[in-house]
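All values below come from the heavy atoms of this structure, side chains included, with hydrogens, waters and symmetry mates left out. So you know, we letter chains A, B, ... as the sequences are listed, proteins then strands, and number each from 1.
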Protein chains: 2
Amino acid sequence: MSNPRSAKTKKRTRIQQKNEIKILNGALDIFSQHGFRGSTVDQIAEISGMSKPNLLYYFNSKEAIIRILIDQLLDKWLDPLRKIDPDGEPLSEIQSYMRRKLEMSRDFPRESRLFANEILQGAPRVHDELKDLKKLVDEKAAVITSWIKAGKLAKCDPYHLIFSIWATTQHYADFDVQVKAVLGPKQSGPGRFEDAARFLDQLYVNGLKPQK
Amino acid sequence: MSNPRSAKTKKRTRIQQKNEIKILNGALDIFSQHGFRGSTVDQIAEISGMSKPNLLYYFNSKEAIIRILIDQLLDKWLDPLRKIDPDGEPLSEIQSYMRRKLEMSRDFPRESRLFANEILQGAPRVHDELKDLKKLVDEKAAVITSWIKAGKLAKCDPYHLIFSIWATTQHYADFDVQVKAVLGPKQSGPGRFEDAARFLDQLYVNGLKPQK
DNA sequence: TGTAATATTTACCAGACGGTAAAAAATTTC
DNA sequence: GAAATTTTTTACCGTCTGGTAAATATTACA
């Protein structure tokens, strides 16, 4: 086997480690911007500072690269949801979850966009993983339902609640261009995430009905 | 001029009208599923029931097709926002807006995904139109602010309110695969839009704090 | 330091893709 | 029903793209 990654040998050279990281980082840049088919191996090679054949010496194919990115991504992506604590205080657990997801959009926008691209195009590469996702959501939905039954949360559909948190938070990464265009240069600083968090806190706790 | 669309002549043949519609419809299918670069003219030709050269007889290029789709789309897309009535009852205006957007996700998911693809990939084709969008949003944000000042709505950032409505409603079109995977076959029927509407009504009016 | 293993470059290829030219077929017009 | 026009097909072309083979350069290690 000529390819270092496909070899069974566990030990990686310094150069291998360095270059694999450079490639995956560059690939995340490119894939998240243009989608899988819109990206070329040449682009990834260039942004990673190496030639195409050199890149393909580390990864067998374009497909192999995105698979690894997606694997890494999904794990990280579900972490905030896993952290919801059934024994915590319901409203603040929801708020914390929302905040963690918002922070992910702020700190890992490329990952968010990569995921969005995948799902948008029919999730050809994540069909299996969606089953794990369902399992986890079912679990957390049950927790939320128990909170509602205990009168700690308003009566609502837990699944759509989770969807709405995903949607509102990921929006700031996935639709960043639009958000910035609408907010204008003044309000488009990093502070927009704080503004978003404040708004979403308000929304999820009290809604929009004026408080007396 | 060989291309019927580029000709100045206003009158279109029956065949032209029929085929242009077939092509735009097929292109919407393909583009919304694979994105611009992920789609091929051959795919569009096949789904439209004609050969590639025949298709290119009606539209000069792949680019020309998506431009027309996007133009048609943006108009339709902003319509619900335009319909927000400054003289209406604030809370119900917000709710109506949300419902109209949700209906658009239900009835025009391909358009939603096409738009999402565009924005996600940096909006290379809609930069100009985003300026009109900003103008319209500024206008409606001012309306919302006036509602808040009149005590008819809870104090909140109008821009992020609008973002949240976009996000939560478009989510059901753009992330349809994920939504269906999570809800499972039982709850994935058309009724999921009603469930979503009910949840969002609750969220936007009262939030999640348990009512006493 | 010499040698084996690793890393990089050069030169290339087969297929896919967007698009064109020109002839053939179908339709409309008179 | 013949001529003019529109539509469709056939046969291409140049470019881009993912990927490979083999030679060369570099590094690790005894």
>> For B/Trp166 and B/Phe163, take the angle between the two ring planes, folded into 0 to 90°, and tell me which bin it lands in: parallel under 30, tilted 30 to 60, perpendicular over 60.
In response: tilted
> Do the ring planes of A/Trp77 and A/Phe115 sit parallel (below 30°), tilted (30 to 60°) or perpendicular (above 60°)?
Replying inline: tilted
Whole angstrom is fine here: how far is it from [atom1] in [X] over to [atom2] in [N]?
X	N	atom1	atom2	answer
A/Asn60	D/dT20	CG	C1'	12 Å
B/Ile65	C/dG19	CD1	C1'	12 Å
A/Ile15	D/dT27	CD1	P	6 Å
B/Lys18	C/dA26	NZ	C1'	12 Å
B/Phe59	C/dT20	CZ	P	15 Å
B/Leu56	C/dA21	CG	C1'	13 Å
A/Gln17	D/dT27	CD	C1'	15 Å
B/Lys62	C/dC17	NZ	P	9 Å

Does [N] have OP1 or OP2 under 4.0 Å away from a side-chain N or O of [X]?
X	N	answer
A/Arg14	D/dA28	yes
B/Asn19	D/dT8	yes
B/Tyr57	D/dT8	no
A/Gln16	C/dA7	yes
A/Tyr58	C/dT8	yes

>> As a quick check of understanding, evaluate salt bridge (Lys or Arg N to Asp or Glu O under 4.0 Å) for B/Glu139 and B/Lys135, giving each step before the final call.
In response: CA-CA 6 Å; B/Glu139 200 182 304; B/Lys135 223 183 105 188; over 6 Å; no
> Among residues 35-53 of chain A, which residues get a heavy atom nearer than 4.0 Å to DNA chain C?
Replying inline: A/Arg37, A/Ser51, A/Pro53
> Taking side chain as C-beta onward, heavy atoms only, is A/Asp29 less than 4.5 Å from A/Gln43?
Replying inline: no
>> Please determine whether a side-chain nitrogen of the Lys or Arg among B/Asp138 and B/Lys134 lies less than 4.0 Å from a carboxylate oxygen of the Asp or Glu.
In response: yes
> What nucleotide among C/dG18, C/dT8, C/dT28 has an atom nearest to a side-chain atom of A/Asn54?
Replying inline: C/dT8
>> Checking B/Gln187 against B/Asp195: is there a side-chain donor and acceptor pair closer than 3.5 Å?
In response: no
> Just one of A/Leu73, A/Ile70, A/Leu74 clears the side chain to side chain contact (heavy atoms under 4.5 Å, CB included) bar with A/Glu118, so which one?
Replying inline: A/Ile70
